[in-house]
Every structure is written in C-alpha cells, then in structure tokens.
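What follows is a short report on a single structure.
Counting starts at 1 for both ligands and their atoms, in listed order.
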Amino acid sequence: MTESYQPPVAEFPLLQQNPQLIYLDSAATCQVPAAVLNSFQHYFTSTHANVHRGSHRLGRAATDLLENARGIAAAFIKAPADDVAFASSTTAALNGLAQQLPVSWREGDEILLTDAEHHANILPWQRLAKQHRLVLRFIPVDPVSGGLGDWQQLINERTRLISVTLASNITGAIFPVAAVCALARQRDIPVIVDAAQAVGHTELDVTALDCDALVFSGHKAYGLPGVAVLYMNARWWRRMEPFVVGGGVVRQVTRHDAELVDSIQRFEAGTPNTAAISATVTALEWLQQQRAMGLTGYLQELRQQLVDGLQQRPWLQVLPAGANHTPVVSFYCPQVHAYDLAVWLDEQQVAVRAGHHCAQLLLQSWDLTAVVRVSLAAYTTAAQVQQVLQYLDEAWQMLGPTAE
Ligand code: PMP
C-alpha cells in the first residue's frame, strides 16, 4: 500500500456523521470535503452579488471571483482561460454543443461515438441525427480488455464529428482518446471529449489532447452539482451560437436583434451560480493537492485489491478490469440479480450502484441488463474494500442457490 497517502476521511463531514457508511458510488457523485463546503459558505458571507453587472464593489468582487475561478479551472485542464466556460452539467453542455456546433450538416453525414457512452453523450446526437438525417456510428468495446475495438476503420470521408468518453463509467477503462484526436486532426474532423469519468482520476490536458471541446461535471471531482467546466477550442466557439441567450452577454440590443460580447462569457447568459463555481474550483485545487500526496497510486492499489478479491470469487463475473482503468469496477452474479446484491449491501450500509448506469448500449452489446458498480475515491480505505468483499460472501450465502 502507498504508505505516504492517508485517505482524508476526516475532511468529509457527511462521512464523519455516518461513520458506518461505506460510500462506493463516487462515479455517480463524489462526497464533498469541508474545504469545498466552506468555500461555498464563504462566498455568501463575503462576496455574494450578481456578476458582470455591478457598478458597486461587491459586484466587482463577485466578478473577480468568477473570473479567478475560470482561470483555475482552465489551468486544471491546461487550457487558455479565454476558452473555458462554466455550464450547469456535462449533460447540458453536450446538449448545447449538439444543437449549436458550427457544422453545416448534410444528410448521411456521420457522427462517431463509442458503445461505452453515457446516455448524456448519445441522446443529444440522436436528436441531432433525426433533425438532419445523420448517421450515428459506434466504436465497439472489447468484452475482454474493455478497450476500444477497431476505431480507425470507422473514420471515413463521411465522418463529420467524433464525440467520445475518455473513460467508461462502467468498467473505468481509459480510452486512447489522444490517438483518436490525432487521427481526427489529420482529417480535419472535430472531436468532443466527455471527461466526466476521467476528471477525478486522470490529469486532463486539452492542449496535449488537441481536442475541440472537453467537458466534465464538478461533482465528479469532489465539487458541487450544477457546475460543469466546458473547454471549447477558439476556432470553434468563435463561430458558434451560444446555447442560451439573455442577460449578461449582450453588447447592444435593438428590437429585432442583439449583438453579443465576443468573449467566452457569451456562453454564460443569465446569473451564474458563482457560489457553486467557486466551491468547485476549490475542489479542483483540493484534488490536485491530493494527487501531489499520492492519491492516484493509492487508488490504483485499492482498485487492484478489489479486482483481485472479486476475481477470487468464482460466483462473480467481473467486467474488464485491466491496467489502464479508473478505480471503477463492475461485476455481476449470474445467480443473484444485481439489484438484490445492491440492496443487500445497502442493508450493510454499503452504497454501490446497480443497473445499467446510463450506459445501456455497453451492457446491451455484452448481453447484460444490470451490473453492480463499485467506485472508489480519496476517502475509500483498504479496510472498506475488504469489508465489502466479506459482505459479498455473506450475500452469496444468503441469496445464492444454496441459500435456505
Ligand atoms: N458522461 C459520463 C461519462 C458520466 O459518467 C456522466 C455522469 N454519470 C455524465 C456524462 C453526465 O454528467 P451529469 O449528470 O453531471 O450531467
């Protein structure tokens, strides 16, 4: 075990108030450290005002805070701050992108996704495909390795856009998105990266990736729900209509037209949730500090212990869990339904998720309907991992075919 890293459980008020809880659903949403909650509260007790409008000093302080947060979020993904907008969620950003991309679609144009996409990165493209008679193509996912199947073959002269997740929310597999971006760039095909599952576990570098857009939700990285960070390449956003229009983004309005500001703020019409944004960038800073203290290696070791333990139990089928994965592991038991296992674990105060995890395509392609997902985070301990394995043994005794 990485000696240097101590899981900072004491920093999580919810976990302190529920010492029996074993929270293993961090891929759905992370628990929030006190520093982040304090930042949220501090905003309201020190800086709360509307931004970009105030001629008073509190309004200016709120604006400065927001713009400072933009700089921190941009640095976190190695993007220029001028190319980073705050959105309300990954889902909202992907919907906005799908509707406003500066692409003149022609019937039969193709959009390339993977079978591992979260529904948030499928449904917006389905809607767009219906509007313009586009073709959606899906890169298969190998059932043994969990990696992408032959994606190069699926890029052709009709491919107009690629939108892919950096990591599967079911297996944790990290996909070779840099290679996808490199080939796409050669062929002048834009790439959108859904980094919602990657943000908590891998360093993000949009400059190295050379993608056209990248988005993640703050709540997947110890921040607050209601905030997403959306990077868009300037080549793109300067030619793109904002997803939402209204106050705060206007230079001049006449009765029938409006001239918008020409900065990235044009994508943030209305009053932003500055409190949640500021708390979320505190979370990103907190996460960077944890990484510097060894979080990534720690979680990889914990994940390996979990995978080893699950694989030692022959009644469980573990989905691909190879080397290059985030600490997210899914499994099922052919004889006991995933929901029954999850309910059993819940009775022991273990929070895991069972179901299709909003990634039905992946499970369908593997002929599965529901799996149990265990996802680890900074506050997970080795003892908790062993405890869960023991509870699974008990579940098998109680619910398996030899149960009385
Ligand atoms: N993409 C992936 C890969 C996800 O895991 C999630 C969250 N489950 C989303 C998109 C959607 O994120 P949100 O619900 O915050 O919009």
Side-chain angles (χ1 to χ4, degrees), residues 23-32 36 73 77 85-99 111 113-127 138-139 141 146-148 162-177 180 191-202 204 209 211 213-231 243-244 267 273 276-277 279-280 283-284 287 319 325-330 351-363 370-377:
Y23 184 77
L24 296 172
D25 196 18
S26 299
T29 196
C30 290
Q31 296 302 335
V32 179
V36 174
I77 55 173
F86 290 109
S88 60
S89 65
T90 301
T91 304
L94 289 169
N95 273 273
L97 284 168
Q99 287 305 309
I111 297 177
L113 311 170
T114 77
D115 269 345
E117 297 314 317
H118 187 277
H119 296 166
N121 197 27
I122 302 173
L123 273 66
W125 308 115
Q126 289 180 341
R127 177 188 275 182
F138 293 87
I139 302 169
V141 178
L148 293 186
I162 301 174
S163 188
V164 287
T165 187
L166 190 43
S168 162
N169 72 326
I170 291 197
T171 64
I174 298 173
F175 296 134
V177 170
V180 174
V191 181
I192 297 171
V193 178
D194 173 355
Q197 284 299 322
V199 61
H201 305 294
T202 63
L204 298 174
L209 267 184
C211 54
L214 178 142
V215 61
F216 66 83
S217 298
H219 70 96
K220 308 278 190 188
Y222 308 93
L224 299 190
V227 178
V229 174
L230 171 61
Y231 159 78
F243 312 154
V244 176
F267 289 88
N273 190 348
I277 289 170
T280 295
L284 299 181
L287 175 56
L319 298 195
H325 284 232
T326 66
V328 171
V329 185
S330 290
V352 296
R353 187 148 167 217
H356 54 63
H357 309 281
C358 295
Q360 282 186 5
L361 291 188
L362 186 66
L363 291 192
V371 294
V372 177
R373 180 180 72 186
V374 172
S375 46
L376 315 180

> For V215 and V229, what are the C-alpha separation, side-chain angles and deciding distance, and is it a side chain to side chain contact (heavy atoms under 4.5 Å, CB included)?
Replying inline: CA-CA 6 Å; V215 61; V229 174; over 6 Å; no
>> One pair to check against side chain to side chain contact (heavy atoms under 4.5 Å, CB included): F216 and I77. What are the steps and the verdict?
In response: CA-CA 10 Å; F216 66 83; I77 55 173; 3.7 Å; yes
>> Test side chain to side chain contact (heavy atoms under 4.5 Å, CB included) on V164 and D194; report intermediate values, then the result.
In response: CA-CA 6 Å; V164 287; D194 173 355; over 6 Å; no
Put together the list of close N/O pairs, under 3.5 Å, between ligand 1 and the protein, could you?
| residue | atom | partner | partner atom | Å |
| --- | --- | --- | --- | --- |
| ligand 1 | 1 (N) | D194 | OD1 | 3.3 |
| ligand 1 | 1 (N) | D194 | OD2 | 2.6 |
| ligand 1 | 5 (O) | Q197 | NE2 | 2.7 |
| ligand 1 | 8 (N) | H118 | NE2 | 3.1 |
| ligand 1 | 8 (N) | K220 | NZ | 2.7 |
| ligand 1 | 15 (O) | S217 | OG | 2.6 |
| ligand 1 | 15 (O) | H219 | NE2 | 2.8 |
| ligand 1 | 16 (O) | T90 | N | 3.4 |
| ligand 1 | 16 (O) | T91 | N | 2.9 |
| ligand 1 | 16 (O) | T91 | OG1 | 2.5 |

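In this structure, a donor-acceptor pair under 3.5 Å is absent between the side chains of S375 and S26.
Not counting sequence neighbours, the partners of D25 by the salt bridge (Lys or Arg N to Asp or Glu O under 4.0 Å) test are R373.
Each of E117, H118, H119 was scored for a side-chain hydrogen bond (donor to acceptor under 3.5 Å, both in side chains) with N121, with one residue passing: E117.
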